[in-house]
Amino acid sequence: MVPDFLIQFKEFISQPWPWWVAGPMIALIMFILLFFGKEFGISANLRIMCAADGAGEFSDFFKFDWQSQGWNLMVALGAMFGGYIASHYFLGGSDVAHVSAATVESLKQLGLNYEPGNVPLVPEFYSWESLFTLRGLIIIVGGGFLVGFGARYAGGCTSGHAISGLSALQLPSLIAVIGFFIGGLVMTHLIFPILF
Amino acid sequence: MKISRYIFVGILLGVTLYKAEAVSWFRIYEMFHFQSFHMYGIIFSAIIAGMGIVQLIKRTHMKSTEGQEITFHPKDRSVPRYLIGGIIFGLGWALAGVCPGPMFILMGSGYTVFVVFLGAAMAGTFAYGLLRTKLPH
């Protein structure tokens, strides 16, 4: 018999989380890692994985003590578990992105037609079949490549620069985040109309 | 024990970003259209809470569990690498609708095609490693 308060707790956290819960929670995660003597930066895992696969033979960039960074791989592994747990146990019966009515309208211009309140969390083009379409291939392989290349070139991604860097008032992180938004706006407003 | 605590931190991150819909391509699309405060709320509230945390750590000279004082390494001063690298990352972030955190989270939630995305991201990182000395920093 599961106690009532546990069932209520499960129902409570199965609702979509508002921004004012998620933001401080991310800051708490950053604090926990700092408290453990580490730094919050997820994209560093890509470099660690390259190094672990022997990329050090090709570039000194991958010659570092990656074994000492194993903790970060555990954060990534935990994030995978977290995704599994949230999607299998705390969905609250729906798997939708509660985007604004304006967004539902502008998605129509891309040929993505959804009823308001029925936009999926993950778009249909994230499937194996979609790899055999040009658009799916560009999004999955092209998007992945740009994210991996850009994150390392800039020295960090959303967690390392936007959260950790800006929290510590680092000017380079502000420049990087400005870059994130220039790139994001160009993609969304100038390239999407061609791609879709 | 030491390893399991990082897995726990990751679980916290995964559940949070999933439940706040930050893993959604549509939320990123919405953000770059300035059609909702949601993503900005997440980022701004994380930064504001984070600033308080950093100040607290600095003022109290807080020690980590490793016994050393927690320090913040100033990043190298430069513009090109952060701006150009940032723009490239931003292009990918908007295109794919995911950054590295959500990539792992969605892979775990059953979208196995993100294995390909991870491979492409590693290829991108590898390409940077090869080209690094030829790129402006």
Side-chain angles (χ1 to χ4, degrees), chain A residues 17 19 22-27 29 31 37 42-43 46 50 59 61 71 74-76 78-84 86-87 97 99-100 102-103 119 121 123 126 128 140-141 143-154 157-158 163 166-168 172 175-176 179-180 182-184 187-188, chain B residues 3 6-7 9-11 13-16 18-21 24-26 30 32 35-36 38 41-42 45-47 49-51 53-54 64-66 70 72 75 82-83 85-92 94-96 99-101 104-105 108-109 111 113 117 120-122 124-126 128-130:
Chain A
W17 292 12
W19 60 264
M25 193 69 98
I26 294 166
I29 289 162
F31 171 70
I42 300 294
S43 68
L46 297 168
C50 282
S59 164
F61 184 62
W71 65 269
M74 292 304 117
V75 175
M80 291 174 70
F81 289 149
Y84 180 85
S87 60
V99 292
S100 65
T103 303
V119 177
L121 195 69
Y126 275 117
W128 288 94
I140 296 170
V141 177
F145 189 89
L146 290 170
V147 164
F149 189 94
R152 216 62 278 126
Y153 194 173
C157 61
T158 326
I163 309 295
L166 290 186
S167 291
I175 300 169
F180 295 171
I182 294 172
M187 178 57 68
T188 306
Chain B
I3 283 297
Y6 295 108
I7 295 180
V9 172
I11 291 175
L13 179 71
V15 171
T16 301
Y18 195 97
K19 288 307 300 177
E21 300 173 5
S24 176
W25 185 93
F26 297 101
E30 178 182 61
F32 285 125
Q35 286 165 334
S36 167
H38 185 76
I42 293 176
S45 62
I47 294 169
M51 282 175 180
I53 288 167
V54 171
S64 74
T65 51
E66 310 292 298
I70 299 170
F72 298 89
K75 295 185 197 299
Y82 300 112
L83 193 60
I87 289 172
I88 295 171
F89 177 82
L91 288 167
L95 176 62
C99 50
F104 288 113
I105 296 166
S109 63
Y111 295 93
V113 74
F117 186 91
M122 284 171 67
T125 299
F126 183 62
Y128 168 74
L130 294 182

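In the text below, chain A, chain B and the rest are named by the order of the sequence lines, each starting its count at 1.
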- In terms of heavy-atom proximity below 4.5 Å to chain B, should A/Val141 be classed as side chain, backbone, both, or neither? both
- Message: Can you confirm whether the side chains of B/Gln35 and A/Ser100 place a donor and an acceptor under 3.5 Å from each other?
- Response: no
- When rounded to the nearest 0.5 angstrom, what distance separates CE in A/Met74 from OH in B/Tyr6? 11.5 Å
- Message: With a 4.5 Å cut-off on side-chain heavy atoms, are B/Phe104 and A/Val75 touching?
- Response: no
- Message: How long is the straight-line distance from CD1 of A/Ile182 back to CD1 of B/Ile88, given to the nearest 0.5 Å?
- Response: 12.0 Å
- Item | Rounded distance (nearest 0.5 Å) linking atom CD1 of B/Ile105 with atom CD1 of A/Ile42 | 8.0 Å
- Please flag which part of B/Leu13 lies under 4.5 Å from any non-hydrogen atom of chain A: side chain, backbone, both or neither. both
- CG (A/Leu146) and CG (B/Leu91) are apart, to the nearest 0.5 Å, by 6.0 Å
- Item | Heavy-atom pairs under 4.5 Å with chain A, option from B/His38, B/Glu66, B/Glu21, B/Met51 with the top count | B/Glu21
- How far apart are the closest heavy atoms of B/Leu95 and A/Met187, and which atoms are they? N-CG, 3.6 Å
- Note on the structure: Counting heavy-atom pairs under 4.5 angstrom with chain A, the leader among B/Thr16, B/Val54, B/Leu130 is B/Thr16
- Query: So which part of B/Val15 gets closer than 4.5 Å to some heavy atom of chain A, the side chain, the backbone, both or neither?
  - Reply: both
- Task: Would you name the heavy atoms of A/Ala154 and B/Tyr82 that are closest together and state the gap between them?
- Result: O-CD2, 3.2 Å
- Message: If you count heavy-atom pairs within less than 4.5 Å of chain B, which of A/Ser167, A/Gly143, A/Gly83 leads?
- Response: A/Ser167
- Residue pair A/Phe81 / B/Ile7: nearest heavy atoms and the distance that separates them: CD1-CG2, 3.7 Å
- Item | Nearest heavy atoms of B/Gly129 and A/Ser59, plus distance in Å | O-OG, 2.8 Å
- Check the angle between the aromatic planes of B/Phe117 and A/Tyr126 and answer parallel, tilted or perpendicular using the 30° and 60° thresholds. perpendicular
- Message: Is it the case that the side chain of A/Tyr153 and the backbone of B/Ile87 share a donor-acceptor pair, with hydrogens and angles ignored and the cut-off at 3.5 Å?
- Response: no
- Message: Measuring from atom OG1 of B/Thr125 to atom CZ of A/Arg152, what distance do you get when rounded to the nearest 0.5 angstrom?
- Response: 6.5 Å
- Task: Determine whether A/Thr103 and B/Phe26 make a side-chain contact, defined as any pair of heavy atoms from C-beta on separated by less than 4.5 Å.
- Result: no
- For the candidates B/Ala96, B/Gly108, B/Gly101, which exhibits the highest count of non-hydrogen atom pairs separated by less than 4.5 Å from chain A? B/Gly108
- Ranked by heavy-atom pairs below 4.5 Å to chain B, first place among A/Ile163, A/Val147, A/Leu166 goes to A/Val147
- Message: Less than 4.5 Å to any heavy atom of chain A: does that hold for the side chain of B/Leu83, its backbone, both, or neither?
- Response: both
- Note on the structure: Scored by heavy-atom pairs under 4.5 Å with chain B, the best of A/Ala79, A/Cys50, A/Ala27 is A/Ala79
- Grab the two heavy atoms, one from A/Leu46 and one from B/Met122, that are nearest each other, plus how far apart they are. CD2-CG, 4.0 Å
- Message: As an exercise: rank A/Tyr84, A/Trp128, A/Trp71, A/Phe31 by heavy-atom pairs under 4.5 Å with chain B and give me the winner.
- Response: A/Trp128
- Hey, could you give me the OG/OH distance between A/Ser87 and B/Tyr111, rounded to the nearest 0.5 Å? 8.0 Å
- Query: Which residue out of A/Ser43, A/Pro24, A/Pro123 racks up the most heavy-atom pairs below 4.5 Å with chain B?
  - Reply: A/Pro123
